[in-house]
Asker: 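Please see the structure below; I have some questions.
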Amino acid sequence: MRNSFIPPERILMGPGPSNVHPRVLEAMARSTIGHLDPKFIELMDDIKSLLKYVFRTENEVTFAVSGPGSVGMETCLVNLVEPGSKVVVCINGVFGERMKSIVERCGAAPIAVEDEWGKAIDVQKFEDALDANPDVKVTAFVHAETSTGAKSDIKTLAEIAHKYDCLTIADTVTSLGGIPLLIDEWNIDASYSGTQKCLSCPPGLSPVTFNDRTVEFIKNRKTQVQSWFMDLNLVLGYWGSGAKRTYHHTAPVNALYGLHEALLLVKEEGIENAWDRHKRNGKLLVKELESIGLPPMVKEDERLPELTSISVPAGINEAEVRAKLLNEYNIEIGAGLGTLAGKVWRIGLMGYTSKEENITTLVNALKNILNN
Ligand code: PLP
């Protein structure tokens, strides 16, 4: 007989997943009940109200899609994008590119607004693209680009989009719970996130939120949503308020116990305090890394506190350093992706990982490795 799998104890300081809070792990180990059990429906209602709290929204259609962030991304896009339409997609890293690819698979034409990786989305370029394409109805952009560590000003992007009567889809996978994100105040129409970043929860679920204008837009589609699983009209038969809560798919019951506990933790800490903690620790990390000759890649006003990219010093084998951190110190950090592969390390301080002692442990380990 094979042995059970016992994972090593790692400090997860990469781009996600981050370390999971012990209370979340404990919650996930509780007995599974039926996904239509009245007690489970109560839990779902509580998850919805806690998600509204973290998203800072009153949107009734706020729930967790059964699937990782990419499924949340597809859910937003397949519901809002009709074949033959045009969608403005901002690209300043891997995840903007992924959105563009999904738009193409929806049979629509993406209009890419491209910016250099490591920089925020240029709001003027975004406006120029909308000005040049008056038939666009949907726009999409990433708040926190995990592939680079750059933050974009989605409040201004949403203001511009609405001036042109367009809907906005914001990727908030790495921003939810980590940096200020005000869905209602900023007028974000649809957004998807992930559980494995700043919520201290394992991967596998995608919190989403849609405002009334977006739900109306989906109802008025001329064509059927091309995905059965992600068709919001069908999913809401299970998750919708006042819905009969009929079978749609078998929800990942224990994963939802975990998300509930993770959201309670954010509520207990207070979301503003969670934002402050991420900010404080992000600044401290940069200061400590600079003191050992490792400056950040992204300029300060566009830098995410929860994900810092640092340029790999000349002559250093970046993969070897990461392997030593993992094998000798049990610390995981991330490599560069796409055009930044081999050039940067990505260091995450997300959720439960975002604490001072982790910064000290990592910086000491890096000092030892780089000096030997
Ligand atoms: N969007 C962003 C900004 C991400 O960082 C990620 C994952 O790292 C995703 C989307 C996709 O999420 P997942 O890997 O959970 O499918």
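Start at 1 and go down the list; that is how both ligands and their atoms are numbered.
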Asker: Please list the nearest protein heavy atom to atom 9 (C) of ligand 1 with its residue and the distance rounded to 0.1 Å.
Answerer: Phe95 CE2, 3.3 Å
Asker: Can you figure out which of Thr172, Val173, Leu307, Thr146 has its heavy atom closest to atom 5 (O) of ligand 1?
Answerer: Thr146
Asker: So which of Ser193, Ser191, Cys201 actually passes side-chain contact (heavy atoms from CB on, under 4.5 Å) with Pro207?
Answerer: Ser193
Asker: Please determine whether a side-chain nitrogen of the Lys or Arg among Glu42 and Lys39 lies less than 4.0 Å from a carboxylate oxygen of the Asp or Glu.
Answerer: yes
Asker: Taking only heavy atoms of Pro68 into account, list the atoms of ligand 1 that are under 4.0 Å away from them.
Answerer: 13 (P), 15 (O), 16 (O)
Asker: Would you tell me whether Glu74 and Tyr192 have side-chain atoms, one donor and one acceptor, within less than 3.5 Å of each other?
Answerer: no
Asker: Which residue holds the protein heavy atom closest to atom 14 (O) of ligand 1, what is that atom called, and what is the gap in Å?
Answerer: Gln196 NE2, 3.9 Å
Asker: Find all atoms of ligand 1 within a distance of less than 4.0 Å from any non-hydrogen atom belonging to Thr174, and give their numbers and elements.
Answerer: 5 (O)
Asker: Between Arg277 and Glu269, does at least one N-O distance fall below 4.0 Å, as a salt bridge requires?
Answerer: yes
Asker: Would you say ligand 1 has an N or O under 3.5 Å from any N or O of Pro15?
Answerer: no
Asker: Would you mind checking which non-hydrogen protein atom is closest to atom 1 (N) of ligand 1, with the distance to 0.1 Å?
Answerer: Asp171 OD2, 2.6 Å
Asker: What is the nearest protein non-hydrogen atom to atom 13 (P) of ligand 1, stated with its residue, atom name and distance?
Answerer: Gly69 N, 3.5 Å
Asker: Quick one: list whatever passes side-chain contact (heavy atoms from CB on, under 4.5 Å) with Thr308, sequence neighbours left out.
Answerer: Leu285, Val286, Pro296, Ile310
Asker: Could you tell me, atom by atom, which parts of ligand 1 come under 4.0 Å of a heavy atom of Ala144?
Answerer: 3 (C)
Asker: Which atoms of ligand 1 are found less than 4.0 Å from any heavy atom of Arg98?
Answerer: 11 (C)
Asker: Would you mind running through ligand 1 and noting each atom that sits below 4.0 Å from a heavy atom of Lys197?
Answerer: 5 (O), 7 (C), 8 (O)
Asker: For the residue pair His143 and Trp186, categorise the inter-ring angle as parallel (less than 30°), tilted (30 to 60°) or perpendicular (more than 60°).
Answerer: perpendicular
Asker: Tell me which protein heavy atom sits closest to atom 16 (O) of ligand 1, plus the residue, atom name and distance to 0.1 Å.
Answerer: Ser70 OG, 2.6 Å
Asker: In terms of ring plane angle, is the pair His35 and Tyr238 parallel, tilted or perpendicular, where the classes change at 30° and 60°?
Answerer: tilted
Asker: By salt bridge (charged side-chain N to carboxylate O under 4.0 Å, His left out), which residues pair with Lys367, not counting sequence neighbours?
Answerer: none
